[in-house]
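This one's a predicted model, so the numbers in the text were calculated from it and none came from an experiment.
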Amino acid sequence: MTTTGVGSLKTRGIPLNSVPRDLTSQATLDRNSNAFNIYNPRFVCYLSRFLLTYDQPSRLWWRTSGAGGGRPVYASEFYSGSFDDRKFSEFSESVSVGLCDYFLGPYGSYSSVDVAIAGLDAKRQVVSQFSNKDMKRIKQGVVNLLTLLQARYKKPEQKRHLAILFTFIEDERIQPTTEITSLLGEADDGFIKLINLYQFVDLTYPADSKLPTFEIGPPPALGNEYKQAKCSAEWETVLLTKERRLKNIAVTMPGNGYTSAVPTSVYVVEADGSRRVVGSCIISAQNIARNVNNEVTYPLPLAGIQDDPLRLLPNGVRPYFKVDNNKTSGGKYVIPLLPEAGNFSPRTKFEKRNYRAVDEYFGAVGKTPVSLPALRLGSREYSRLALSGAAATVVCRTLLNPLELAKTKIQLKDENILGEVAKMREKNGSGTFTAEQEQQQQQEQEQEQEPSPSTAAESTTSSVTTSSESAPPSTTEILSAMVSKEGPVSLAQSLDITFLASCVFGSFGFGATELFRRIIVNLNLNQGPGGTDYVALLTAAAAACIFTSIVAAPFEFLRVRSMSLDERLGVIEVFRASMTEFGANEKDEQDDGVLAKIPQLNKYVPFWGSTNAIISRELPFALGKFGAFEVFIALFDATLGEKYNIKVGIGNNGLLLSAVAGACAGVVAAVISHPADLILTLQSAPTDEEKKDWKAIVKELTSRKGGYSNLFLGLPQRSIFFFTVIGLQFLLYDYTKGLLGVGSDDLNLVLDVFYAVRQGIASGLV
């Protein structure tokens, strides 16, 4: 979605958590201050209506978001209102974030977006007590905003509504009264029609005195194009006293840039230079405010404004300056006959669930702004995402390594461990067989044409294997047998290689998925706003999976091989043993000198021999994991998410949601990818026989008793493993991302509604 003159709204926005700024006491507002005390909800909502009416990019967003049709949404205890109301609240929250990020101080924001969002949840709005220095900085930020808007929106009706807008800054200490008067002067562009002198003013002078001059006040409108009016006086002589008395005063130059919203005074300038007010002027506006659609100005059409999020107050409404005699500041502008704002707190259950604040007439400020994931990240963000993925994967897979070890022993039918299980069963009086049952099992196994691909682990002459095959051992039995045979240290078998493999899978897996996902979405220029792009997600997950599998293939090969050994060896020993098996340590008799000491690269190729098997396992696993996770999250959002205001990965409840959805996704992924995992395990196991390809292994497994169910040998153990691993992985991943500053909020961009204003782009809505 692109817009003329302002680029892509998808890639231009405000980081939801801004980069750190100087937050010293001299350069920031109080972090606990309520931003609504400066830009209250009425101001935010009216500015939102103004932008949706006169700002071209905002109007374009409104149309492409699907708003404007008045479609109803869910009607229940927790859901009510219209689609337009919901979209407007999101837009107004984006306006609020933009105001707090850019216009809280004289040179931009003096605080992070935390300040923008922090105080907005206050249940009761109170007036903050700011110091004089704070008030000066705050008011300058308000004036900056008005100046930028005034420079962009130059039509008379636009300037009138800007004047109305800034009257909603109710604190007269920061209301830009001078600038509002200037706006009204520019909007009316009035001229001086008549001069009325006050009757009580004495304008008689002695005959021999120097006569004074008269001066009309300057126009409030700023700019060289606005000229100050001029006047001339006609005097007469009093016959008896010979005094000079003012006879008439006439306008010689009417000027322009005046407004009737405030009085324009006429001054007499005495010979000594002193000045005093002697009259006022009648202003005639060149730009007459005309209402549209035959609407009346008064009474204010508040009911119609409530129903239409794009409707403003009538053009004929004019702020007036209200003087408060009890104040020393002089007063402030107000809107005639518009009820005071009062309390902005949400009232209904729907409002409390979805809105931060509600103005009775001009709309609501939502809890969630219009946002999209950042589509362009730097090396810093990607490295932190990769580190988060690595940390989460390492912690989970290292802690749960015994479960993975038990699954591998079951798949390979480790003779020593299964023998120990048989002994434990016999000792406990369970899992034993009669002679007839054992003879029948041996006869069935003798009928098989080829031996099992796991060689010694499936010896046809082993009654232990036969009995174990009849009653598959549980995870607890396998782990107990390992501890009984070699002690608790046996549970740490392959722990070092698991650590290395987890670093590779975690860092490349999550980091590459984020990278490819953003690349694909960037290429898909016509993607609609909102929701999850499952095609982009799954395509990115597939690309990242293939890339990660190629990089991690040697580590995964060594991990599985280490788990399949009868003894516990370190990663270096396993690597050397593998090199010996591959023949990598044999000297090349044809080479001499230094080159003879350099191993031939092709001798390392076998480490990637299981790459296809790894991809066949990891690809369905990754697609199942990410796809199922997004589906579970989408289902939660559609049913309970809005009701309980829980967002994945945000807050304690959000982290718990990540864990539960991840655990369920882990089971789905384990079931989908288990046959490939079994084949990979059998291919990576050490054997004296020739390695078999996956087709031969599948044929052999399915030809035995049990058929295709043999492809799911060890599935319960693997399901339990990944239920725990993936649940913890997503929990730790989201938690670590938050710690490193690359969480969901950090990588989201809020619609920057003030981009064109800040860039000085002068073309508004035509």
Query raised in the report: Is the shortest heavy-atom distance from the side chain of Leu728 to the side chain of Val395 under 4.5 Å?
Result: no
Requested in this report: Report the C-alpha distance between Ile478 and Leu418 in whole Å, list the side-chain angles of each, state the deciding distance to 0.1 Å, and finish with yes or no for side-chain contact (heavy atoms from CB on, under 4.5 Å).
Outcome: CA-CA 8 Å; Ile478 292 293; Leu418 295 181; 4.1 Å; yes
Report task. Run the numbers on Phe621 and Phe722 for ring pair (Phe, Tyr, Trp, His ring centres under 6.0 Å), then give the verdict. Result -> CA-CA 10 Å; Phe621 186 87; Phe722 281 111; 4.6 Å; yes
**Report entry** Main-chain N/O of Cys545 paired to Thr548 side chain as donor or acceptor, under 3.5 Å
**Finding:** no
Query raised in the report: Hey, does Met563 have a side-chain heavy atom less than 4.5 Å from the side chain of Thr498?
Result: yes
Report summary line: The reported gap from CG in Leu479 to CD in Glu477 (rounded to nearest 0.5 angstrom) is 10.5 Å
**Report entry** Check: Lys352 main-chain N/O paired with Lys367 side-chain donor or acceptor under 3.5 Å
**Finding:** yes
Query - Polar side-chain atom of Ser562 near backbone of Arg559 as donor-acceptor pair, under 3.5 Å - result: no
Query raised in the report: Are Thr539 and Phe516 close enough that some pair of their side-chain heavy atoms sits under 4.5 Å apart?
Result: no
Query raised in the report: Should Ser673 and Glu618 be marked as a side-chain hydrogen bond (donor to acceptor under 3.5 Å, both in side chains) after you check the CA-CA gap, both sets of side-chain angles, and the distance that decides it?
Result: CA-CA 7 Å; Ser673 62; Glu618 293 297 325; over 6 Å; no
Report summary line: Here the gap from Glu90 atom CD to Tyr355 atom OH, rounded to the nearest 0.5 Å, amounts to 9.5 Å
Requested in this report: In sequence, state the C-alpha distance, the side-chain angles, and the governing distance for Leu99 and Val44, and then conclude on side-chain contact (heavy atoms from CB on, under 4.5 Å).
Outcome: CA-CA 9 Å; Leu99 288 171; Val44 173; 3.9 Å; yes
Requested in this report: Give the C-alpha distance, both sets of side-chain angles, the deciding distance and a yes or no for salt bridge (Lys or Arg N to Asp or Glu O under 4.0 Å) between Arg617 and Glu556.
Outcome: CA-CA 12 Å; Arg617 179 194 69 181; Glu556 184 66 5; 2.8 Å; yes
Report task. For residues Ala676 and Ser616, report the shortest heavy-atom separation together with the two atoms involved. Result -> CB-O, 3.4 Å
**Report entry** Donor-acceptor contact below 3.5 Å, side chain His674 vs main chain Ser719
**Finding:** no
Report task. Determine whether Val365 and Val95 make a side-chain contact, defined as any pair of heavy atoms from C-beta on separated by less than 4.5 Å. Result -> no
Report task. Return yes if some donor-acceptor pair links the side-chain N/O of Ser494 with the main-chain N/O of Ile497 below 3.5 Å, else return no. Result -> no
Query raised in the report: Which heavy atom in Leu715 sits nearest to a heavy atom in Val671, and how many Å separate them?
Result: CD1-CA, 4.1 Å
Query raised in the report: Do Arg568 side-chain atoms and Gln493 backbone N/O form a donor-acceptor pair below 3.5 Å?
Result: no
**Report entry** Test log, rule side-chain contact (heavy atoms from CB on, under 4.5 Å), inputs Ser388 and Phe510
**Finding:** CA-CA 8 Å; Ser388 301; Phe510 283 94; over 6 Å; no
Report task. Over all heavy atoms of both residues, which pair between Phe626 and Ala541 is shortest? Give the atoms and the distance, please. Result -> CD1-CB, 3.8 Å
Query raised in the report: Please walk me through it: do Phe607 and Phe555 pass ring pair (Phe, Tyr, Trp, His ring centres under 6.0 Å)?
Result: CA-CA 8 Å; Phe607 284 106; Phe555 298 93; 9.7 Å; no
**Report entry** Heavy-atom closest contact (Arg704 atom, Asn710 atom, distance)
**Finding:** O-ND2, 3.7 Å
Report task. Could you tell me the separation between the CG atom of Leu682 and the CG atom of Leu678, rounded to the nearest 0.5 Å? Result -> 4.5 Å
Query raised in the report: With side chains defined as the heavy atoms from C-beta onward, is the minimum distance between Thr611 and Ile550 less than 4.5 Å?
Result: yes
Query - Distance in Å, Ser578 OG paired with Phe557 CZ, rounded so as to fall on 0.5 Å steps - result: 5.0 Å
Query raised in the report: Is the CZ atom of Phe547 crowded by more than 12 outside heavy atoms at less than 6.0 Å?
Result: no
Requested in this report: Identify the two heavy atoms, one from Thr513 and one from Gly509, that lie closest to each other, and give their separation to 0.1 Å.
Outcome: OG1-O, 2.6 Å
Report task. Quick one: pull up CD1 in Ile720 and CG in Leu400 and give me the separation to the nearest 0.5 Å. Result -> 11.0 Å
Query raised in the report: Do Arg397 and Phe721 have side-chain heavy atoms sitting under 4.5 Å apart?
Result: yes
Query raised in the report: Considering only heavy atoms from C-beta outward, does the side chain of Tyr733 approach that of Leu385 to under 4.5 Å?
Result: yes
Report task. Would you name the heavy atoms of Ile615 and Pro620 that are closest together and state the gap between them? Result -> O-CD, 3.8 Å
Query - Under 3.5 Å: donor-acceptor pair, side chain of Ser96, backbone of Ser92 - result: no
**Report entry** Distance (rounded to the nearest 0.5 Å) between Leu657 CG and Leu731 CG
**Finding:** 11.0 Å
Query raised in the report: Are Thr393 and Cys503 close enough that some pair of their side-chain heavy atoms sits under 4.5 Å apart?
Result: no
Query raised in the report: Is the Phe91 to Trp62 ring centre distance short of 6.0 Å?
Result: no
Query - Leu569 vs Leu565, side-chain contact (heavy atoms from CB on, under 4.5 Å): CA-CA, chis, key distance, verdict - result: CA-CA 8 Å; Leu569 298 179; Leu565 297 175; 3.7 Å; yes
Requested in this report: Could you tell me whether a side-chain N or O of Asp734 sits under 3.5 Å from a main-chain N or O of Leu655, the two making a donor and an acceptor?
Outcome: no
